[in-house]
Number of protein chains: 2
Amino acid sequence: MKRSLAIQPSAPPGNSPETAEAAPKTLAEATYWRLRSDIVWGKLPPGSPLRSDELRAAYDVGISPLREALSRLAVEQLVTTVGQRGFRVAPITAADVLDVMETRLVIEREALTRSIKAGDLSWETNLVASFHSLSRLPIPHGPGNAAESWARHHRNFHMALLAACGSDWQLRLAGLLFDQAERYSMVRALKVSAPKLTRDTISEHKQILDAALARNSKAAVAALEKHYRATTKQVLAALQLSSAS
Amino acid sequence: MKRSLAIQPSAPPGNSPETAEAAPKTLAEATYWRLRSDIVWGKLPPGSPLRSDELRAAYDVGISPLREALSRLAVEQLVTTVGQRGFRVAPITAADVLDVMETRLVIEREALTRSIKAGDLSWETNLVASFHSLSRLPIPHGPGNAAESWARHHRNFHMALLAACGSDWQLRLAGLLFDQAERYSMVRALKVSAPKLTRDTISEHKQILDAALARNSKAAVAALEKHYRATTKQVLAALQLSSAS
DNA sequence: TCGCTCATTAATTTGGAAATTTTATATGAC
DNA sequence: GTCATATAAAATTTCCAAATTAATGAGCGA
């Protein structure tokens, strides 16, 4: 008997109230989101193979929507696919981490500057709200639902910063790269014991927030860079640890 | 009897010698590239519906690889898909044009600067070669094989500029946005009569090349911006013309 | 004439079986 | 023992038909 997939796949979307995304209208789309979450939050670890039969059983869908979902994820570089040799979760390398983080900065420097310049009251309000809920959530140690919830709020805050930039493409690319980076952070969360995380991320976020509200784009960009570079450093350290083990 | 698709779909890859891309190993992949080309080069015009039966007949493939290809294109924003209402070629709006062109600049400014800093002799060589073949190709008037060939060389030159930037993500995103922009340029080529194109694009490209070879990144970036902004202006003008007709 | 409901038609979407390709295993020659 | 070749097993990829969903239009009453 074949061993089935070792993961607990994420449930079909009985939509959690905190995420107000457009409900998927097709099975393929739903499967895409479920797989995406499971990859981004590390349930499907980097490098692991994605065999159609196992996934079909685990997610309870046919082959067609499954392949469609995997194909989409391949375009986003969340999974890799080689010729007739199937799909696997994209592996993580140190070079990738650096590249993604620096490229995020290239885009977000511009988007944040524009957003600060153009943001109106509703932008400010949403930003303050995003920060508040993020700051009141306990920083999770180790994987689990709390970690996912925190990560979602974290994403919301960062996207809220850029929301008023006026460029759909910049928002889209920033989101794409955010999710790539999230995957790296999950490696960190999974592999490194909690006590080592001694950064004060709340205050890092607050610095960005304050500068943004003060409409000081130079300071906001500087704070953002500091935040990202600190994350990069931690992830790289965790990656070395895990590759040594 | 149903009217079949009005286009002559691009041939299966009996690979033309000038494109040294990795040969597609699956039908889905091949179909993806054929469709992509036909969308980017304007054979499938913006907004036109992509019905599975028609495409199946036109490209002579089954439904599964077709959907897989369309799904991938949807992630790239080259086609749109709504719930259970199928796929269509993504429409073009003036706002899109501006957004894509400005976002290209955000990425390419950085990538070009890095490339100029890090480029070695083989980078220079490849760059010079790309420029040469581009400059000797007659600028095509109206659609056709010559137009596609020119566009391919044009793409090669622009990517050669960035090739040494050291960031896979920046290269990938630049390429993605290049193809988006190409679609807009095709609208221009299709709708505007040739005599109106009085720009000296060769000299625009030469200015970028010379600055790059002189390792003068400030000047190269300035020339690139000039080149893109001129293109943007023309595309926007053509778009207004065509929407007025 | 307009608006509504309900059947009819046309399209997309999905599941699974057949075909193809890769990977693993066994057999034999050197 | 090592390499090459042939065979078997496993996996991916594709085709196609059934199921589902949206679009269309006729009939009917106000």
Side-chain angles (χ1 to χ4, degrees), chain A residues 1-7 9 11-13 22-36 39 44 47-75 78-91, chain B residues 1-7 9 12-13 22-36 39 44 47-75 78-90:
Chain A
M1 168 189 161
K2 264 227 154 300
R3 193 173 64 89
S4 79
L5 208 59
I7 67 149
K25 293 226 120 195
T26 75
L27 236 189
E29 217 179 326
T31 307
Y32 163 78
W33 285 111
R34 291 171 66 193
L35 271 169
R36 193 177 202 281
I39 292 172
L44 292 166
S48 59
L50 298 164
R51 292 195 198 81
S52 26
D53 280 341
E54 295 181 8
L55 290 182
R56 205 162 54 90
Y59 290 83
D60 192 36
V61 293
I63 280 183
S64 312
L66 197 56
R67 278 190 72 79
E68 203 174 308
L70 289 169
S71 299
R72 292 188 187 199
L73 292 166
V75 178
L78 285 172
V79 320
T80 63
T81 167
V82 194
Q84 311 248 30
R85 259 170 285 182
F87 300 88
R88 46 181 53 227
V89 181
Chain B
M1 168 187 161
K2 264 230 153 300
R3 193 174 66 88
S4 77
L5 208 57
I7 66 150
K25 292 227 122 195
T26 76
L27 237 189
E29 218 178 324
T31 308
Y32 163 79
W33 285 111
R34 291 171 66 193
L35 270 168
R36 193 177 201 283
I39 291 171
L44 292 166
S48 60
L50 298 164
R51 292 194 200 81
S52 27
D53 279 342
E54 294 181 8
L55 290 182
R56 204 162 54 89
Y59 289 83
D60 191 36
V61 292
I63 281 183
S64 311
L66 198 55
R67 278 189 72 80
E68 204 174 307
L70 289 169
S71 299
R72 292 187 187 199
L73 293 166
V75 177
L78 286 171
V79 321
T80 63
T81 167
V82 194
Q84 314 247 26
R85 258 170 284 179
F87 299 87
R88 46 181 53 226
V89 181

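Bear in mind the structure is a predicted one, so any value in this text is a computation, not a measurement. Per chain, numbering begins at 1; letters A, B, ... match sequence-line order.
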> Excluding sequence neighbours, so at least two apart, what forms side chain to side chain donor-acceptor pair (under 3.5 Å) with A:R36?
Replying inline: A:Y32, A:E76, A:D179

> For B:E54 and C:dA10, what is the distance between atoms CD and P respectively, to the nearest whole Å?
Replying inline: 14 Å

>> Holding to side chain to side chain donor-acceptor pair (under 3.5 Å), I want the full list of residues that pass it with B:S71, two or more places apart in sequence or in another chain.
In response: A:E68

> Nearest-Å distance, CG (A:L66) to P (C:dG16)?
Replying inline: 13 Å

> Taking only N and O in the side chain of A:S52, is any of them less than 4.0 Å away from OP1 or OP2 of D:dT12?
Replying inline: yes

> Tell me: CG of B:L70 to C1' of C:dT13, nearest whole Å?
Replying inline: 13 Å

Table of protein N/O atoms under 3.5 Å from nucleotides 14-17 of chain D N/O atoms:
unit_1 : atom_1 : unit_2 : atom_2 : d
D:dT14 : OP1    : B:L27  : N      : 2.3
D:dT14 : OP1    : B:A28  : N      : 3.3
D:dC15 : OP2    : B:G62  : N      : 2.8
D:dC15 : N4     : B:S64  : OG     : 2.7

> Just how far, in rounded Å, is P of D:dA9 from CZ of A:R51?
Replying inline: 19 Å

>> B:D53: which residues meet the salt bridge (Lys or Arg N to Asp or Glu O under 4.0 Å) condition with it, sequence neighbours left out?
In response: B:R56

> Considering residues at least two apart in sequence or located in another chain, which fulfil the side-chain contact (heavy atoms from CB on, under 4.5 Å) criterion with B:V89?
Replying inline: B:I39, B:L44, B:S48, B:L50, B:R183

> For DNA chain D, whose closest nucleotide is more 5', that of B:R85 or that of A:R85?
Replying inline: A:R85

Without placing hydrogens or testing angles, list every side-chain donor-acceptor pair under 3.5 Å for residues 78-87 of chain A, not counting sequence neighbours.
none

>> Nearest whole Å is fine: how far is C:dT23 C1' from A:D53 CG?
In response: 16 Å

> Just by distance, do the side chain of B:R72 and the backbone of A:R72 share a donor-acceptor pair under 3.5 Å?
Replying inline: no

